Amino acid sequence: MIKETHMSRILITSALPYINGIKHLGNLVGSQLPSDAYARFMRGRGHEVMFICATDEHGTPAELAAAKAGVPVAKFCADMWQVQKDIADGFRLSFDYFGRSSSQRNRNLTQHFAGKLADNGLIEEVSEKQVYSNADRRYLPDRYIEGTCPNCGFENARGDQCENCTKQLNPTDLINARSAISGSTDLEVRETKHLYLRQSAMRDDLDKWIDKQEGWPILTTSIAKKWLHDGDGLRDRGITRDLDWGVSVKRGTEDWPGMEGKVFYVWFDAPIEYIAATAEWADANGLDDMAWESWWRTDKGAEDVHYVQFMGKDNVPFHTLSFPATIMGSGEPWKLVDFIKSYNWLTYEGGKFSTSQGRGIFMNQALDVMPSDYWRWWLLSNAPESSDSDFTWESFQGGVNKDLADVLGNFVSRVTKFCRSKFGEVVPESGAYGEAEAAVTAEIAKRLKAYEKYMEAIEIRKATAELRAIWVAGNEYLQSAAPWSVYKTDPDAAAAVVRFALNLIRLYAVLSSPFIPDATAKILDAMGVEDAGWPDDLDAALSTLPAGHAFSVPDVLFAKITDDRRVELEEQFSGTA
RNA sequence: GGGCCUGUAGCUCAGUUGGUUAGAGCAGAGCGCUCAUAACGCUUUUGUCGCAGGUUCAAGUCCUGCCGGGCCUACCA
């Protein structure tokens, strides 16, 4: 067996959930969950992992959500951060740090990057016309302006596009334009100055950088290529906004004349928070700057870091183009991403998850009705990797009951209970292993190799299929070894089978830890072991529990979802509740 | 309108650079087992690989057209 001895440092970031509300399962499966499984796997393999996430707190929707809740936006964000943090903990998301894009660290870094970009001639001041709502006392983003479509007469067209005839619009095209926030028609067009990031000047560099990447998902590269080459090619992008809540526009630590009262655009500061959150991690742990810079500065130790980003497909342009443009344009040796894993959408019972219609399942509700392991397993074994995938309660019930309860849970149950009844709650010592044990070990070794390969390639669905096959191998082995009948004539031989099967249980706990960490913990606790080390040597791993080692029969690991319960849940989540 | 993805067994999906009788899980059927959460194991039925052409000794795999599903299209994030 080839042993991987090279330890790497792996930096993992999950797309930042927006602060304005509780996210639904589609958001969870699109970045946080797969990144967590990957992080747990890599830690298990002995790599040094830095796993970062944070809330994305700036922008118009946050301000509006706070106003609706009747609290100051800063307080709203602080409260919602706590809510999201608690839910993330509930799903056992093992972030090394869960930061906030409104942190002082991020303010400083965002201003720093803007300053460097300006120094390098990559920032341009552009004077443009923007719609201002007197009633709302704010500038309105295009899509917050509604009116009648000049093309088709649809009355609820938005300022960026008419949803009815799909025609692209400018807010000033709308007839009887009104604020989508207040409905006020007291709008005026004002001249306002903004900073633009000259992405067009970096197009060729970005293009070459994208071309250099190997093995990136088509979903990732095709979106990047489209933006790079569509029409006149990559366009410059406004990176400031006329808002109150955000990182104030500064050039490094200096004021930026003409930019008073403006903030950076949320999409400019959000990815920088990946870096800033790592700095927040260092601060929170009383470490110096080198601690986080060694992950992000190639001149300070990050040259050997492998950096992987996870995100939904809507995030791809910002991570393949805008953020790299910011990094490259700074002229400083910041770490660029090595691999971008992007996900399609999860749909709910054949339709879209909808916040406004209350359709689908939100993260807090999910934890209220089912344990985290159930969600983790179903969502990851059905992750929308190659195309959108559909959540149905029937599929969820089937997957959980069959895979977790029948295949894995019942295996643990039948082995431990049989042992208890014949040999007591102690690993039996007599008997010797033979061909059957060697055969199943070989089978698991083969599967394990495939499992590891898929995890390293971040092909999560395939990895779960291999893991499941490893569980199945245990049942196959037990069935053919049949200790319950062997016991009648040869108790020693039965003891050897049980000893081996108990060791399989411990192995399964370890191998399953990226996906179902709670069950892993319960099993290891019941088996009375601390050692959760990844098996580099399978034979050694399968003799971890020595003869005479005490264990206990765990409670039912995965209670099945009954048909009645499923129907109940279908009704509860049917929408417009 | 433009771009991209996708259409393989009843369901969910695998099918590497084109190469022998197209695979897995679930569901269905039969048999076995009785340690176990009525759990487990074995065997097994089902496919004009969306449709129509084309290239090739050979196409689920490449090309063209058509039909269906989905996403993106830059000031929501």
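Please read these numbers as outputs of a predicted model, since none were measured by experiment. A, B, ... follow the sequence lines: proteins, then strands. Residue 1 opens every chain.
Looking at A:Q130, its side chain comes within 3.5 Å of the base of B:C75 through a donor and an acceptor atom. Counting distance only, with no hydrogens placed and no angle test, the side-chain atoms of A:N410 and the base atoms of B:A39 include no donor-acceptor pair under 3.5 Å. Between the side chain of A:Q397 and the base of B:C26, no donor-acceptor pair under 3.5 Å is found. In terms of polar N and O atoms assigned as donor or acceptor, the side chain of A:R414 never comes within less than 3.5 Å of the base of B:A39 in a complementary pairing.
Atom-to-atom, CG of A:L346 to P of B:C71 comes out at 13 Å; the value is rounded to the nearest Å. Here the C1' atom of nucleotide B:A39 and the CG atom of A:D406 are 6 Å apart, to the nearest Å. Across the protein-nucleic acid pair, A:R143 atom CZ and B:A77 atom P stand 9 Å apart, rounded to whole Å.
Side-chain atoms of A:W227 lie closest to B:A74 of the nucleotides B:A27, B:A74, B:G2. Ranking B:A77, B:C40, B:C75 by closeness to the A:Q479 side chain, first place goes to B:C40.
Here the closest non-hydrogen pair linking A:E191 and A:S127 is OE2-OG, 2.9 Å.
Taking 4.0 Å as the cut-off between side-chain N and carboxylate O, A:R138 and A:D136 do not count as a salt-bridged pair. A salt bridge is absent between A:R203 and A:D207; no separation between the charged side-chain nitrogens and carboxylate oxygens falls under 4.0 Å.
An OP1 or OP2 oxygen of B:C75 is reached within less than 4.0 angstrom by a side-chain nitrogen or oxygen of A:R237.
A:Y196 and A:E128 share a side-chain donor-acceptor pair at under 3.5 Å.
In terms of position on RNA chain B, the residue among A:R468 and A:Y265 whose nearest nucleotide sits closer to the 5' end is A:R468. A residue-by-residue look at A:L234 and A:A405 shows that A:A405 has its nearest nucleotide of RNA chain B further toward the 5' end.
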